[in-house]
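Both counts, for ligands and for their atoms, begin at 1 and track the order of listing.
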Amino acid sequence: MAKILVTGGAGYIGSHTCVELLNSGHEVVVLDNLSNSSEESLTRVKALTSKYLDFVEGDILDQQILDQIFAAHAVDAVIHFAGLKAVGESQQIPLAYFDNNIAGTISLAKAMERAGVFRLVFSSSATVYDEANISPLNEGMPTGMPSNNYGYTKLIAEQLLQKLAAADARWSIALLRYFNPVGAHKSGCMGEDPQGIPNNLMPYVTQVAVGRREKLAIFGNDYDTPDGTGVRDYIHVVDLANAHLCALNNRLKNSGCRAWNIGTGKGSSVLEVVKTFEQVNGIPVSYAFSPRREGDVATSFADNARAVAELGWQPKYSLEDMLADSWNWQKRNPNGYRK
Ligand code: NAD
Ligand code: UFG
């Protein structure tokens, strides 16, 4: 059993990870500024697990709050989810992204060093890979120059953490490169709750299905893919949450910095997602084809062999499970965590 500081723990992936941590007997302290979440997600984490967790409302850029947390809790490791993640917004307000995602990671690492805590699991993204790589993407392939500022912040944060671990052997850092997280907790009590118009496919689909949006725009049907629509590697958020527990265990035994892809290894097209959603849930989803979205690649899916071999992690859930669970959450909570 360990005590884990979870930054961004009130968010979509963080809250699901808190459930898995608590159910595995770990103690959890969450630091979140609630800029893209609400405390209601943590209320539900506690209700689902019948366990207690500490919540501190605050910012990872705030050194004083970080020092207070490390002074008050004997933290063994940190899982760092906190950050901004909207690709389009990152083009409009780059400084906010540089600050939260790059300076925020530096701020956290500085406080960890002062506190003598050196185990870190970092939320990275498949977006760090060079677009010229052909899927399945493996960790040995070159990273590139992401087409947007969000992706750039993930790449820079990865590189800073790699240099930190290279310079000081006390650090043990996992870079988890997520593919496309979707789905929700089986209970239907927790799920993804984006503010405003969703940027990502899955919440858009469920919001059309529940009647909050009229029609899904499918961005491009002329890609070089089996049905012309974009192919991605969708991964159930609970499988993703469990990958963090596996990475934590690995980091307790090893030093250095290492990257792992967290995906299923299977690509699905946008049309396949829509059709499977309709079949599994018996709900129609209206859609129309529209032009390609700037910055999108045709195909991206993982080679997950390294995570399977080294972390002892294995994704359990199928695309059908992901789509059933996303819908179960949305229909029970048409307005997300808001009443
Ligand atoms: P999310 O927005 O639901 O969660 C992020 C949480 O961090 C939110 O609760 C937000 O309030 C908090 N936060 C943001 N800035 C903060 C700050 N400065 N100080 C304290 N808290 C702050 O997003 P998510 O989907 O759960 O993503 C978690 C992490 O995974 C992010 O770093 C994201 O970039 C990364 N990631 C997400 C995806 C995805 O598709 N969801 C894919 C790859 C990587
Ligand atoms: N799509 C649509 N309509 C929508 C939304 C998405 O057709 O309304 C399509 C996209 O074109 C793409 C697929 O659905 O083919 C998946 O799109 P998402 O926006 O859900 O996911 P992305 O693969 O674009 O995004 C992921 C991560 C980001 C990361 C980005 C980098 O969610 O964190 O990859 O490419 F930055």
| said: Please determine whether a side-chain nitrogen of the Lys or Arg among Arg114 and Asp67 lies less than 4.0 Å from a carboxylate oxygen of the Asp or Glu. | reply: yes

| note | Out of Tyr12, Tyr150, Tyr97, the nearest non-hydrogen contact to atom 33 (C) of ligand 1 is supplied by Tyr150

| Protein contact of atom 21 (N) of ligand 1 - nearest heavy atom, named by residue and atom, plus distance | Asn33 N, 3.1 Å

| note | Those residues with a heavy-atom separation under 4.0 Å from ligand 2 are Val87, Ser125, Thr127, Tyr150, Asn180, Asn199, Asn200, Leu201, Leu216, Ala217, Ile218, Phe219, Gly230, Arg232, Tyr234, Val270, Arg293, Asp296

| Hey, is Glu40 close enough to Arg338 for a salt bridge, meaning N to O under 4.0 Å? | no

| task | Inspect the contact between Lys51 and Glu27 and indicate whether a charged nitrogen and a carboxylate oxygen are less than 4.0 angstrom apart. | result | no

| ILVMFWY clustering at 4.5 Å (side-chain atoms), partners of Ile283 | Val182, Ile197, Leu201, Met202, Tyr204, Val205, Val208, Val210, Leu216, Ile218, Tyr234, Val270, Leu271, Val273, Val274, Phe277, Val285, Tyr287, Phe289, Leu319, Met322, Leu323, Trp327

| So is Leu34 close enough to ligand 1, meaning a heavy atom under 4.0 angstrom away? | yes

| said: Regarding Glu39 and Lys46, does a basic nitrogen lie under 4.0 Å from an acidic carboxylate oxygen? | reply: no

| Does ligand 1 have an atom under 4.0 Å from some heavy atom of Ser124? | yes

| query | Quick one: which of Pro181, Ala126, Ser35 has a heavy atom closest to atom 40 (O) of ligand 1? | reply | Pro181

| request: Say whether Leu176 and Val78 are linked into one hydrophobic cluster, either directly or through other cluster members, by side-chain heavy-atom distances under 4.5 angstrom. | output: no

| note | A student comparing Leu201, Thr127, Thr105, Asp32 should find that the heavy atom closest to atom 8 (C) of ligand 1 comes from Asp32

| Residues Asp76, Arg119: salt bridge by 4.0 Å N-O rule | no

| remark: If you compare Tyr178, Phe81, Phe122 by their heavy atoms, the one closest to atom 32 (O) of ligand 1 turns out to be Phe81

| For atom 2 (O) of ligand 1, what's the nearest protein heavy atom and its distance? | Asn36 ND2, 2.7 Å

| task | Specify the protein heavy atom at minimum distance from atom 26 (O) of ligand 1: its residue, its atom name, and the distance to 0.1 Å. | result | Ile13 N, 2.8 Å

| query | For Lys154, is the nearest heavy atom under 4.0 Å from an atom of ligand 1? | reply | yes

| Closest protein heavy atom to atom 5 (C) of ligand 1, given as residue, atom name and distance to 0.1 Å | Gly83 O, 3.9 Å

